Structures are given as C-alpha cells and as structure tokens.
Amino acid sequence: MAPSPTGALHIGNARTALYNYLLARRTGGTYVLRIEDTARDRSRPEFEQTIFEGFRWLGIEWDEGPGIGGDYGPYRQSERVDLHREWLGKLIDRGWVYRCFCTPEELADARKRAQAEKRPPKYSGKCRNLSEAETQQRLDAGETAAYRFRVEPRIVEYRDLVLGDVREDAGLWGDFVICRSNWLPVYNFAVVIDDHTMEITDAVRGADHISNTFRQIVMYDALEIPPPRFGHLPLILNRKKQKISKRDGAVSVEEYMTQGYLPEAVRNFIVLLGWNPGDEREMFSLEELVDEYSLDRVSSANPIYDIDKLDWFNGVYMRGMAVGELAGRARPFVKAAGLNIDSSGNGYFEQAVALEQERVKKLTDFGDALAFFFQEQVDPDMKFLVRKRGTAEETASALQKVLGLVREYGVDDVGVSESYLRGLASELGWKAGELFMPIRVAITGSRATPPLFETMQVLGDERVISRLNRAIALLRGVPSVAS
RNA sequence: GCCCCCAUCGUCUAGAGGCCUAGGACAGCACCCUUUCAAGGUGCAGACAGGGAUUCGAAUUCCCUUGGGGGCGCCA
C-alpha cells in the first residue's frame, strides 16, 4: 500500500489498504507500506500521522514501513531519490530518455489549445530530436530541462488481477516526463523503481491508476526488469455517482472515528464495497476476512456507498458487544457530550449503557440517550406529561399516588414496581400505558426511553422521587421544590 | 475530443447457457410483539439500460447504442 500524505485517509484508500492487507495475510505475504511523497509541496507530515492512525484503527497493520523498518527501506519515496536517479541513469544510457526544455507554461498553453480544439492533449515532441550538442549548449547556458521518456509505438497489455486482460495503444500517448527539471523524480517513475527494488510482487490500487500502469509497464520493459502483478479496484462513488469528495459528508476514516462508528463496523462495511464471499453471509471479523478474502471475488463495477448500511452494521456490532466493552468505548463520547459520569455510583454508567444498548446506532448517540441519567433534574414537556385526553390535576394526583408507592416499596425490584404500578392503573381505571407515559416523562423528560421499570431501577429511589415531586409541582403550577 | 474500464431492485450484491415466474442484505411500507422508543418476527413492494446476433434455450456469450466512471500534468 502506498498512500500519499496529501490529505486525510480517504474511505477509498482505506478500502484499498484493507484489500491489500487481507491479500497479504491470506497468501502469507508481506504487507509493505510506502509513503508516496514525491509531491513535496502537497505532502505534509501530519497527514502521514492521520493515515497511520486510520490504518491502525481499522486493524490494518503493516509488516514493513515507516516506524517499523524492514529490509527494503527507506519507506518514504522522498528518501529514495538517489535510487531513482541511479535508475534514471540506466534509462539515459540506453537512450530511452531525453532532456526537454519546454517550460511548464508553454506546456500548459499547448494543452489548453489542444483541449479547445478538441484534440488529444499530447506532448508535441518538440525537444525529442534535439541534438546532443544543442542540448548541452542550452544546459550550459543555464536553461533547465526535465527528463522525458521516449515512447515507442506499441500495444501495451497485461492481465489485471481484477479486470482481466487489458490493453492500450502507446502510440497515442506522447513522451512523458519522468524526472522534473529540479531533479526530483515524478511519481510514476519512482513507483517503478521502488516496486522493483523493494521486490513488490502484487500492486493493488484504485482504478484511477490504470493508465499509469500502462506507462509503468513500458518503463519496466525499457529497464528490462519484470513488473509486479497489477490489480485495479473500481472507485467508490457517491449517491450522485461521482467520485466521493469532502462535500459528501464523512469520507475520511477520521470522521467516522469521531462520529462514533466502530472500527469493526466500518471495516465490515467497506470490505463489502466491491467484494463478497459468494454466499449470503455479511458479518465478518478480521480473522474471517483473512480466511475468506480473494481478489477474484472483487467486482469490477464502481460501488456507491450508502451510509444507511454502515449505520446498520454499526448498530449490529454495538448490540453484539459485551456491556462493559461498549461502556468503555462510549465513555469518551459521553464525556465529550458534557455528561458528568464520573461522580455517579459504582456501575451506574454501565447499567445505563446496557439499557440504551439496543437503542443507539452510534457511540455519539449515547450523549443524548444517556443525558437524563446524569442530569440533576429533567424538564418534562407539559404536553406529554399530562395523561392523554386527561387534565393536569388528575395526572398530578395519579403521580402523587405513584410517589407514595415508590416511597413505600422502592424501585429496586422490577417485578414489584410493575405489579404496584399496574395495580394503580387498574385502580384508577386507566390503561397501563396511560399511567406509564406520564411517569416516564416525569422521570426522564422524554417520551422515548428504555422500558420504564428498568429505567426506574437504574435511576434509583432518590432520583425517581425527586423527579416525581418536581413533575407534580409543575402540573399544579407551583414552583418546584427540591426534595 | 481521444483512450481505458464498467453496466442485475433506490443502495451493496448473488448469478459464470437451462437450477431464475432472478436469491440475500440495507433502506421503504404493512402487520405481529409491546408501557414508549428500539430490537426482534412475518409479509409486501422493488432490478437483468436499449437493440441486434449466436443458441432448442441468454441476466449469463458476441456486436452496436446509450449511460456512468477513470485517464490524457515538470500531481499522486
């Protein structure tokens, strides 16, 4: 895997990395991470860090690479330029390369003109046949010149690991730059040298590299070295069938982290974007993926990613998790939401999490879902506090009775609470729900909560009593008194 | 404009000539369960882009059209 540190870790790059990782693990190979930072102006070290963190979060560990080392370092392209220059020399010696004095401005102009006239924007070959003497003379005069690869007309073909046999006519290309006039190699050339010298056997990357691949093959041939196997993964598209961009919401792994997604869910979701096991299973642990994964089950059409499915995966993983584990993962998110969870008693947080476990989709949802457990008081909405089609006073007096029962029997035993509250409902001649809803709203402030008796049990006598008191006061229009 | 890749429900996909009146999952809808919300259960709806060709027979093979994506940098 060879990401460029020019931005956050994109979901598409994460998928490519995952596929590479699975492939390496499955075949007992070595997974190599190389940083492609030859664009010195766009590459930033902090992006490198985010990318590493993203990989690790997803459980993708590399065998060789920055921070780990290995026998084929260095693992940053920018640290390998001496090697690139050395191989450039071989190409020069064999007559595959010439100096080009055209300035970037000239080239951009030519390109623009070609576009306007609907001609293919191909290099004119202006400097291709400059004599050695003239080249030397202009160099001596202080002109700068890039190195261009001399493309000979031919059909380039190879067998793609996912696409099958593909071919392109190199006669259509025009000579391309492989080394800038400042002596820094261009990515496409550096990749060839790096893949070869690092003994890369399989290069699996995004389909946007297909046309690079043809050019790379031509360079391999010129150098008389064997190319690796290539595989190209269809690009992930957004709902509008465009390449995903920042405007599409969460596209970086970092965003999924902060939005409360579980790495196992994200991983499971992205692995299925273009791959399937051939049967109807769709929940996979990393280990299972390593066992099952194969490139020939990768589809060749562009998938569109649908966040709803990710939400579903996330919910499934959250529900399947042990409460203690889930509570641990939720903790930082709940704190970030401003809930004071540290001062509450032993196990209170875990109990609350347990009650909400099957009601949330993301870790961030706990902030809202758990709020009433930790607030000093809740603010019941009068509209829902009063019994349906009933009066405030009538509801207040019912809650007064509830209060009496709670004081007498407590809320510790779910079965006991249920029986005395159901008893009260029938005594009042109310349907159970008509009594339960006002209680629910009184003690939680919300209409959507976990089951009432369990909720009361976790809240405990003290909170329940105080909240009932407040609700009664509210219903009767008297200022609330702390109890 | 030129080149390359691709094309099954809204989305992810199964399907490699008869097992297909096209299967599963998400989303949607309905019902059940139920003290609310979820979760769960059951069911409904929903696709082979179009046209040719090959074949006894095509979602599956071939061609064309259309549509989508990618590339055409002294970016990666």
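Convention: sequence-line order gives letters A, B, ...; per-chain numbering from 1. In this text the structure is predicted, and so the values were computed from the model without any measurement.
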Rounded to the nearest angstrom, tell me the gap between atom [atom1] in [X] and atom [atom2] in [N].
X: A/Lys112; N: B/C72; atom1: NZ; atom2: C1'; value: 17 Å
X: A/Glu157; N: B/C5; atom1: CD; atom2: P; value: 11 Å
X: A/Leu88; N: B/C74; atom1: CG; atom2: P; value: 16 Å
X: A/Asp368; N: B/A38; atom1: CG; atom2: P; value: 15 Å
X: A/Leu237; N: B/G67; atom1: CG; atom2: C1'; value: 13 Å

Separation between the [atom1] atoms of [N] and [M], rounded to whole Å:
N: B/C4; M: B/G17; atom1: C1'; answer: 29 Å
N: B/U66; M: B/G23; atom1: P; answer: 32 Å
N: B/C9; M: B/C5; atom1: C1'; answer: 24 Å
N: B/C3; M: B/U8; atom1: P; answer: 24 Å
N: B/A22; M: B/C48; atom1: P; answer: 11 Å
N: B/A45; M: B/U11; atom1: C1'; answer: 16 Å
N: B/A16; M: B/C33; atom1: C1'; answer: 43 Å
N: B/G43; M: B/G24; atom1: C1'; answer: 16 Å

Describe the nucleic acid contact of [X] in one word from base, sugar-phosphate, nothing, applying a heavy-atom distance below 4.0 Å.
X: A/Pro450; value: base
X: A/Leu184; value: nothing
X: A/Pro121; value: base
X: A/Phe176; value: nothing
X: A/Cys179; value: nothing
X: A/Pro451; value: base
X: A/Gly206; value: nothing
X: A/Thr6; value: nothing
X: A/Thr38; value: sugar-phosphate

Checklist outcome for this item: Exactly one candidate in A/Lys126, A/Lys122, A/Arg128, A/Arg148 meets salt bridge (charged side-chain N to carboxylate O under 4.0 Å, His left out) with A/Asp175; the answer is A/Arg128
If you compare every side-chain N and O of [X] against the phosphate oxygens of [N] (OP1, OP2), does one of them come in below 4.0 Å?
X: A/Arg422; N: B/U35; value: yes
X: A/Arg180; N: B/A76; value: yes
X: A/Asn276; N: B/U13; value: no
X: A/Arg111; N: B/C74; value: yes

Which of the following nucleotides, [options], is nearest to the side chain of [X]?
X: A/Arg319; options: B/A38, B/G70, B/G40; value: B/G40
X: A/Leu272; options: B/C12, B/C3, B/A38; value: B/C12
X: A/Ser181; options: B/C74, B/C2, B/G69; value: B/C74
X: A/Arg297; options: B/C74, B/C72, B/A14; value: B/A14
X: A/Asp306; options: B/G71, B/G68, B/G10; value: B/G10

Checklist entry - When you match A/Asp308 and A/Leu452 each to their closest nucleotide on RNA chain B, which lands nearer the 5' end? => result A/Asp308
Checklist entry - Mapping A/Thr103 and A/Gly278 to their closest nucleotides on RNA chain B, which lands nearer the 5' end? => result A/Gly278
Checklist entry - Does the separation of the ring centres of A/Tyr293 and A/Tyr19 fall below 6.0 angstrom? => result yes
Checklist entry - Is the centre of the A/Trp173 ring less than 6.0 Å from the centre of the A/Phe214 ring? => result no
Checklist entry - A/His209 on top of B/A76's base, within under 5.5 Å and under 30°? => result yes
Between [X] and [Y], how do the two ring planes meet: parallel, tilted or perpendicular, split at 30° and 60°?
X: A/Phe55; Y: A/Trp62; result: perpendicular
X: A/Tyr305; Y: A/Phe269; result: tilted
X: A/Tyr158; Y: A/Phe230; result: perpendicular
X: A/Phe453; Y: A/Phe436; result: perpendicular

Next on the checklist: Does the structure place the NZ or CZ of A/Arg34 under 6.0 Å from the centre of the six-membered ring of A/Tyr75, at an angle of no more than 45° from the ring's axis?
Outcome noted: no
Checklist entry - Of the residues in residues 212-221 of chain A, which ones touch RNA chain B at a heavy-atom distance under 4.0 Å? => result A/Asn212
Atom pairs, protein N/O to nucleotides 18-25 of chain B N/O, distance under 3.5 Å:
from: B/G23; atom 1: O2'; to: A/Glu280; atom 2: OE2; distance (Å): 3.2
from: B/G24; atom 1: O4'; to: A/Glu280; atom 2: OE2; distance (Å): 3.1
from: B/A25; atom 1: O4'; to: A/Glu282; atom 2: OE2; distance (Å): 3.3
from: B/A25; atom 1: O2'; to: A/Glu282; atom 2: OE1; distance (Å): 3.4
from: B/A25; atom 1: O2'; to: A/Glu282; atom 2: OE2; distance (Å): 2.3
from: B/A25; atom 1: O2'; to: A/Lys309; atom 2: NZ; distance (Å): 2.9
from: B/A25; atom 1: N3; to: A/Lys309; atom 2: NZ; distance (Å): 3.2

Next on the checklist: Pairing check on B/C9: which nucleotide meets the Watson-Crick or G-U wobble criteria with it, both distances under 3.5 Å?
Outcome noted: none
